[in-house]
2 protein chains.
Amino acid sequence: MEKVTETQAVTREAVIERLKASGVTPTQQRVEIAQILFARPQHLSADQVLAIVNAEAPVVSKATVYNTLGLFAEKGLVREVIVDPAKVFYDSNTSSHHHFFNVDTGTLMDIDAGQVELNAMPDLPSGTVAEGVDIVIRVREGER
Amino acid sequence: MEKVTETQAVTREAVIERLKASGVTPTQQRVEIAQILFARPQHLSADQVLAIVNAEAPVVSKATVYNTLGLFAEKGLVREVIVDPAKVFYDSNTSSHHHFFNVDTGTLMDIDAGQVELNAMPDLPSGTVAEGVDIVIRVREGER
DNA sequence: TTGGGTGCAAACTATTTGCATTCGA
DNA sequence: TCGAATGCAAATAGTTTGCACCCAA
């Protein structure tokens, strides 16, 4: 029980502030979810968040987890990563970067923004505006 | 609705040859599906393929469409494009290229391989081998 | 003939939604 | 107080699977 508080990378107050700053009403379950995500940069599926947040006792319902993650993504607090047809990952690292996706383990790893960049931005289809660039390098367990 | 009038862009024989060349037994429904895909480079969801192939008369079952698309992808005849959390797109353009994804219309557009490239390939996580690089530029309808 | 391929429907999984209840400001 | 947020369960949607039947080689 004690280890829950000692590794706290972010205080409850800081989380609440951050939510408010993004125009998100800091309710109990939102703060609970945000604390998990903001503890450190990581990639979690809705299912994983649900499991972690309710690890000790049921705190948040499944629907609320989905609603909250969707809201956070909309507010820019987390980033949705679409690489696995089976599920969406939520990335708490909101700074510009890209990903490796290990297709064997279903694991995501960050690629620092400085490490990969496009050599040029192509002309966008007329009438459209760029919203983001996602670069995913799919890898699999090395063979030998 | 799209016209299904096959303008002989690919003959049935050519399709069969191509399937054989990839080690795929050319059954009736596989050829049917392949003809749609190989007619021209395009991005279709399993659902769309199902609708097109059965436009005139029920020819292929849903399960077979999914199984077949999965098989084609595995054999390198088509490429899976994961950009929409709701569904997988199958791209019959197997040459190296990337995509624009219009999040408003749910539409994919090709970006020629020459137009965008990575300035550098980052070091892969140890023990892994690169399988592919997917670059997706998300766009939305321009606002004005 | 005969094992791979197919059809059908049921099963699954991730995600969404309707609605009554509860909570935050 | 009062509208927003939540919980629960049922509803969706895409995809997969089990199994009997059928067809390509």
Side-chain angles (χ1 to χ4, degrees), chain A residues 12-13 15-17 19-34 36 43-54 57-75 77-78 80-90 103 106 108, chain B residues 12-13 15-36 43-54 57-75 77-78 80-90 103 106 108:
Chain A
R12 196 168 190 86
E13 292 68 41
V15 167
I16 291 176
E17 279 318 304
L19 291 181
K20 281 184 183 170
S22 296
V24 174
T25 305
T27 66
Q28 196 171 309
Q29 25 281 331
R30 284 175 180 175
V31 172
E32 218 62 56
I33 292 171
I36 292 169
H43 312 101
L44 297 173
S45 64
D47 225 44
Q48 292 176 301
V49 171
L50 180 65
I52 297 173
V53 78
N54 290 334
V59 181
V60 188
S61 73
K62 182 185 283 193
T64 297
V65 167
Y66 277 97
N67 290 336
T68 300
L69 289 173
L71 177 68
F72 284 6
E74 189 183 307
K75 297 296 187 179
L77 289 164
V78 297
E80 291 188 331
V81 183
I82 321 289
V83 280
D84 186 333
K87 57 178 168 256
V88 175
F89 282 102
Y90 291 88
V103 298
L108 278 172
Chain B
R12 196 168 190 86
E13 293 69 41
V15 167
I16 291 176
E17 278 319 304
R18 192 164 167 198
L19 292 181
K20 281 183 183 170
S22 296
V24 174
T25 305
T27 67
Q28 200 170 305
Q29 24 280 333
R30 285 175 180 176
V31 172
E32 218 61 56
I33 293 171
Q35 266 200 172
I36 291 170
H43 312 102
L44 298 173
S45 64
D47 226 43
Q48 292 177 302
V49 171
L50 180 66
I52 297 173
V53 80
N54 290 334
V59 182
V60 189
S61 73
K62 183 184 284 194
T64 298
V65 167
Y66 277 96
N67 290 336
T68 300
L69 289 174
L71 177 67
F72 284 6
E74 190 184 306
K75 298 296 187 178
L77 289 164
V78 297
E80 290 187 332
V81 183
I82 320 288
V83 280
D84 186 333
K87 57 177 168 254
V88 175
F89 282 102
Y90 291 88
V103 298
L108 278 172

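Below, all heavy atoms of this structure are taken into account, side chains as well, without hydrogens, waters or symmetry copies. In what follows, chains are A, B, ... by sequence order, proteins preceding strands, each numbered from 1.
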A:Val31 near the nucleic acid: base, sugar-phosphate alone, or nothing, with a heavy-atom cut-off under 4.0 Å? nothing

With nearest nucleotides of DNA chain D determined for A:Lys62 and B:Ala86 from heavy-atom distances, which residue corresponds to the more 5′ nucleotide? A:Lys62

Close side-chain approach of A:Leu19 and A:Thr27, heavy atoms under 4.5 Å: no

Using whole Å, report how far CG of A:Leu19 lies from P of D:dA5. 12 Å

Contacts of B:Val60 and A:Ala46 projected onto DNA chain C by closest heavy atom; the upstream (5') one is B:Val60

Less than 4.0 angstrom between a side-chain N/O of B:Arg30 and OP1 or OP2 of C:dT6, yes or no? yes

Begin from the C-alpha positions of B:Phe89 and B:Glu80 and carry the test side-chain contact (heavy atoms from CB on, under 4.5 Å) through to its verdict. CA-CA 6 Å; B:Phe89 282 102; B:Glu80 290 187 332; over 6 Å; no

Go through B:Ile82 and B:Val88 one step at a time and tell me if the side-chain contact (heavy atoms from CB on, under 4.5 Å) criterion holds. CA-CA 6 Å; B:Ile82 320 288; B:Val88 175; 4.1 Å; yes

Provide, to the nearest angstrom, the distance between the CD1 atom belonging to A:Ile82 and the C1' atom belonging to D:dG14. 15 Å

Before you tell me yes or no, could you show the steps for B:Ile36 and B:Leu44 under side-chain contact (heavy atoms from CB on, under 4.5 Å), namely the whole-Å CA-CA distance, both residues' side-chain angles and the distance that decides it to 0.1 Å? CA-CA 10 Å; B:Ile36 291 170; B:Leu44 298 173; 4.0 Å; yes

Among B:Arg30, B:Gln29, B:Glu32, find the one that has a side-chain contact (heavy atoms from CB on, under 4.5 Å) with B:Thr68. B:Arg30

OP1, OP2 of D:dC23 versus side-chain N and O of B:Thr27: anything below 4.0 Å? no

Nearest-angstrom distance from the residue atom CD of B:Gln29 to P of C:dG4: 17 Å

For D:dC22 and B:Gln28 - does any side-chain N or O of the residue sit under 4.0 Å from the phosphate oxygens OP1/OP2? no

Can you tell me if the side-chain N/O atoms of A:Tyr66 get under 4.0 Å from OP1 or OP2 in C:dT16? no

Reading DNA chain D from 5' onward, which residue's closest nucleotide shows up sooner: B:Pro26 or A:Leu71? A:Leu71

What does A:Thr25 touch in the nucleic acid at a heavy-atom separation under 4.0 angstrom: a base, only the sugar-phosphate, or nothing? sugar-phosphate

Taking atom C1' of D:dC19 as reference, at what distance in whole Å does atom CG of B:Asn67 sit? 13 Å

Gap between atoms CG and P, on A:Leu50 and D:dA9 respectively (whole Å): 14 Å

Return no unless some side-chain N or O of A:Ser61 is found under 4.0 Å from OP1 or OP2 of D:dG7. yes

For the side chain of A:Lys87, starting at C-beta, report the closest nucleotide among D:dT6, D:dT17, C:dT15. C:dT15

C:dA14 C1' sits how many Å from A:Asp84 CG, rounded? 11 Å

Length of the NZ-C1' vector between A:Lys75 and D:dA4, whole Å: 13 Å

Would you kindly give the CD-to-C1' distance between B:Glu80 and D:dT16, to the nearest whole Å? 14 Å

